[in-house]
Amino acid sequence: MEIEQYKYWRLVDFLVTECQYKIIYLSEDQQEIWLEEQSGAIKYPVIRLFRIDLDWSNWLSRDMERTSLNAERIRRTLRNRSLKVESMYITAFPPVDSFAHLIDKPFISADKKVEIKTVLLDRSIEEWQLAGHTIADLNVIPDTEKERNEQIETYKEDVFTHIKQHEQEERQLLHFGKPFISYLFIAIQIIMFFLMEGSGGSTNSETLINWGAKVNYLIADGEWWRLITPIFLHIGILHLIMNSIALYYVGPLIERIFGNSRFLFIYLFAGFSGVFASYLLSPSLSAGASGAIFGCFGALLYFAWQFPKLFFRVMGWNVIIIIIINLIFGFTIQGIDNAGHIGGLVGGFLATAIVHFPKKKSWKIQLSALVITFLLIGIGISYTASTAMLHRVDKSALKLVNNYINDEKYAQAEEVLNKVEFKNNENYYFLLSYIQLKNKEFAKSEENLQKTIALNPQFHEAYYNLAVVSLYNEDLTKAREYIQTAIELDENNLKYLRLWDKIKE
């Protein structure tokens, strides 16, 4: 009947154009429609409207069963844990026999994943609460048949125009820019890798340091550019391949959504955030684009926060699972810089919030993200004066000294030690004594070795070096005592045993 047809399209138009519902399903005859609310803020996010004149309650019962099966299929398609549906029958009159027992309580499926509230909008109902709004004068329609038909067609045109506009907006949102920066970064990191390979090897500590890897001591000493340069360096071919593949897949996706300039900012800021977090929380030498790539994941999480329905429909849980798997691997496999990963993830999210989406503004979110970013950076800078941070810088300096010693760069190693000036650290005194031994400063070397064993009587290598110093001083007795102590502490050390064979009586 005309009044029900008019009422049906009026409700559809209201839900789609005013409440921003998205059509999930529309029957061929256009008399049944399923719509989904996008914000997820109401109790029944899915509404099913069915234009039908009811007669007997047994038909209604069968249709409710069919509705529950359709709802379960839709739940699986939407990948929701549960689904609540408000099923509305637009009918002139209710069934002629008893039906109240069918609609008094919501229908709940056996596995409790689907709940359906059934509503009959017959001519006895003048208004209805729908999507948080009151729909009044449900039975009021235009006077003439021509006016009614014209209004119905207007409703239809509004609905389908709105759907097309929404689809176009979604396509534009996902395809704003053409990827270019992502491929440029991949090319840069490959070029940098081969340049490092040609100048000593990408796994060589000295090469990494020379080309700009993250070294806490050097950053603390003023080389702040090392908060950016590690993004383009990789340690070994496997590290390069893994990060290049990840960037190849996720980078262009972010670049299409946010455009080239926004992607450039997101990637570099996320990379900086990852290196900065690693500087604050890890003393190890590190390099790699992992923090920046996790920043791309952070950008996707921001996208998911702003457009949850579109995100889960287009990308789904796959992105979140990848992030979780990478974080789990990071915490279970030794040598992975988790601080850099988490810092990059947070930095990418905040950077994306700052730039937001192309041709869209959200000053409240953007300014809040900017304030939070400056606050976190300020906290990080303040933390650099903490005891824990200074200890990490000291540990980084010791590793740097070890690298210099391994490369026989004793002058650089001694320069670092003199700048750091550790207090009560056996490794400091031992390394300093080793340099002095190599420089044939035997008195100074012996003095620092004695400080070493005073702090750590189990430091067997210090006893071995004391034996070497004693031999240079032609004190064979002391040399034998020291080497015997070294062997007692490390009885299987071939270096110690060989020296004992040479000097024993």
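- A pairwise comparison of heavy atoms in Ile266 and Ala299 identifies CG2-CB, 4.3 Å as the closest pair.
- Other residues, nucleotides and ligands place more than 12 heavy atoms under 6.0 Å from the OH atom of Tyr183.
- Ring-centre distance between Tyr279 and Tyr383: not below the 6.0 Å cut-off.
- Asn493 and His460 are not linked by any side-chain donor-acceptor pair at a separation below 3.5 angstrom, with hydrogens and angles left out of the test.
- Interatomic distance, Ile405 CD1 to Leu417 CG, rounded to the nearest 0.5 Å: 7.0 Å.
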For the pair Glu461 and Lys495, evaluate side chain to side chain contact (heavy atoms under 4.5 Å, CB included) and give the outcome as yes or no after the intermediate values. CA-CA 10 Å; Glu461 196 168 358; Lys495 182 171 67 171; 3.8 Å; yes
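- Taking a cutoff of 4.0 Å between a charged side-chain nitrogen and a carboxylate oxygen, Arg75 and Glu72 qualify as a salt bridge.
- Nearest heavy atoms, Arg480 versus Ile503: NE-O, 2.6 Å.
- Atom CG of Leu247 and atom CD1 of Ile181 lie 11.0 Å apart (nearest 0.5 Å).
- Counting heavy atoms from C-beta on, the side chains of Phe276 and Leu376 never come closer than 4.5 Å.
- The backbone N or O of Glu446 sits nowhere less than 3.5 Å from a side-chain atom of Gln450 that would complete a donor-acceptor pair.
- For Arg226 (side chain) and Ile209 (main-chain N/O), a donor-acceptor pair under 3.5 Å exists by modelled atom type.
- Under the 3.5 Å distance criterion, the side-chain polar atoms of Ser273 are matched with a main-chain donor or acceptor of Phe269.
- In terms of modelled atom types and a separation under 3.5 Å, the side chain of Lys214 and the main chain of Ser284 share a donor-acceptor contact.
- Minimum heavy-atom separation, Leu390 to Ala385: CD1-O, 3.9 Å.
- Across every non-hydrogen atom of Ala71 and Ile116, the tightest pair is CB-CD1, 4.3 Å.
- The side-chain heavy atoms of Ile453 and Leu466, taken from C-beta on, include a pair separated by under 4.5 Å.
- The ring pair (Phe, Tyr, Trp, His ring centres under 6.0 Å) with Tyr302 is formed by just one residue from the set Phe297, Phe349, Phe307; it is Phe349.
- At least one side-chain heavy atom of Tyr434 sits under 4.5 Å from a side-chain heavy atom of Tyr410.
- Side-chain contact check for Asn425 versus Leu455: every heavy-atom pair is 4.5 Å or farther apart.
- Proximity of a side-chain donor or acceptor of Asn418 to a complementary backbone N or O of Glu414 within less than 3.5 Å is detected.
- A distance of 10.5 Å separates CD1 in Ile293 from CD1 in Ile245, rounded to the nearest 0.5 Å.
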Quick one, His356 with Gln306, criterion side chain to side chain contact (heavy atoms under 4.5 Å, CB included). Give me CA distance, side-chain angles, the key distance, then yes/no. CA-CA 10 Å; His356 202 57; Gln306 291 293 304; 3.7 Å; yes
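- Side chains of Gln436 and Asn448: a donor-acceptor N/O pair is present below 3.5 angstrom, by distance only.
- Within the 4.5 Å cutoff, the side chain of Ile231 has no heavy atoms near those of the Phe185 side chain.
- Ring-centre distance between Phe357 and Phe258: below the 6.0 Å cut-off.
- A donor-acceptor pair under 3.5 Å is absent between the side-chain atoms of Ser82 and the main chain of Lys113, judged by distance alone.
- At distances below 3.5 Å, not a single donor-acceptor pair connects side-chain atoms of Asn216 with backbone N or O atoms of Ala397.
- The minimum heavy-atom distance between Ile186 and Ser244, with the atom names listed, is CD1-O, 3.9 Å.
- Between the Asn403 side chain and the Lys399 main chain, a donor and an acceptor come within less than 3.5 Å of each other.
- Trp363 CH2: 12 or fewer foreign heavy atoms inside a 6.0 Å radius.
- A 4.5 Å side-chain heavy-atom check between Ile228 and Val275 finds every atom pair outside the cut-off.
- Annotation: Phe194, atom CZ; neighbour count of heavy atoms from other residues, nucleotides and ligands within 6.0 Å does not exceed 12.
- Tyr44 and Glu115 share a side-chain donor-acceptor pair at under 3.5 Å.
- The backbone N or O of Arg392 sits nowhere less than 3.5 Å from a side-chain atom of Ser396 that would complete a donor-acceptor pair.
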Carefully, step by step, assess Glu197 and Ser202 under the rule side chain to side chain donor-acceptor pair (under 3.5 Å). CA-CA 5 Å; Glu197 284 293 309; Ser202 63; 2.7 Å; yes
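- Ring to ring, Tyr463 and Phe459 are not that close: their centroids are 6.0 angstrom or more apart.
- A distance of 9.5 Å separates OG1 in Thr203 from CE in Met196, rounded to the nearest 0.5 Å.
- In terms of heavy atoms, Gln189 sits closest to Asn243 at NE2-C, 4.1 Å.
- Not one N or O on the side chain of Glu37 forms a donor-acceptor pair closer than 3.5 Å with the backbone of Tyr21.
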The test is side chain to side chain contact (heavy atoms under 4.5 Å, CB included); show your working for Ile47 and Val85 and say whether it passes. CA-CA 6 Å; Ile47 290 180; Val85 180; over 6 Å; no
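- Distance CG/Asn473 to CZ/Phe442: 7.0 Å, rounded to 0.5 Å.
- Within the model, atoms CD of Gln366 and CG of Leu350 stand 13.0 Å from one another, a figure rounded to the nearest 0.5 Å.
- Taking 4.5 Å as the limit, every side-chain heavy atom of Glu36 sits out of range of all side-chain heavy atoms of Ile74.
- Cys296 has its side chain within reach of Tyr267: a pair of non-hydrogen atoms, C-beta onward, lies under 4.5 Å apart.
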Using the side chain to side chain contact (heavy atoms under 4.5 Å, CB included) rule, take Leu300 and Ile254 through it: C-alpha gap first, then chi angles, then the decisive distance, then the call. CA-CA 7 Å; Leu300 288 177; Ile254 303 301; 3.4 Å; yes
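- Remark: aromatic rings of Phe294 and His341 are close, center separation under 6.0 Å.
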